[in-house]
Amino acid sequence: MSVRNRVEIMHGVNLDQLGRRDPTHYGPAKLTELELEISSAADALGLKTRFFQTNHEGEFVEHLHQLEGFADAIVLNPGAWTHYSYAIRDALELTGLPAVEVHLSDVDAREPWRRVSVIRELCIGRVAGKGADGYREALELIREELAR
Ligand code: DQA
């Protein structure tokens, strides 16, 4: 059987604005810098990454639709969509792929509406409040899952 090591890293709405957003929640890094860190963490774990970001919910959904045959797992930070997008929830379910939900900030310690995640039950794990390190942790969970 071929090696399963392809991880799609998906960022949603407003995450292209990292670097301009409140650094006390999101850190100082821009998305491109964050992606470099994720890439090197993935390399160290023997995982291959592909990156996607959009501010358009339908594009996020369609990207999930098109993953079949191109990804073995997903690490996703849908931003605010996490808290209410049943469209993204349903598209994630459709992929049938193992997924880990990541948030740079500690969503459970912020406004009550950020504590809701409509994708949580579909994910094998969730990492929040650990900044860029959270993605490393997510990739470790994915690696364990893909090795099973
Ligand atoms: C976020 C948390 C969300 O509540 C927020 O809307 C974001 C980013 C995070 O990474 O901490 O845009 O997903």
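Whatever order the structure lists ligands and atoms in, that order sets their numbers, starting from 1.
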My understanding is that only one of F52, F51, Y135 makes a ring-ring contact (aromatic ring centres under 6.0 Å, His included) with H11; could you say which? Y135

Whether the side chain of R6 engages the backbone of G69 through a donor-acceptor N/O pair (distance < 3.5 Å, no angle test) should be reported. yes

Below 4.5 Å, heavy atoms only, C-beta onward: do L104 and L15 meet side chain to side chain? yes

Step through the shown structure and confirm whether more than 12 heavy atoms of other residues, nucleotides or ligands are within 6.0 Å of CD on E59. yes

Considering residues at least two apart in sequence or located in another chain, which fulfil the ring-ring contact (aromatic ring centres under 6.0 Å, His included) criterion with Y26? none

Near ligand 1, at a heavy-atom separation below 4.0 Å: residues by chain and residue number: R21, Y26, N77, G79, A80, H83, H103, L104, S105, V107, R114

H83 vs H103 aromatic rings, parallel, tilted or perpendicular, using cut-offs 30° and 60°? parallel

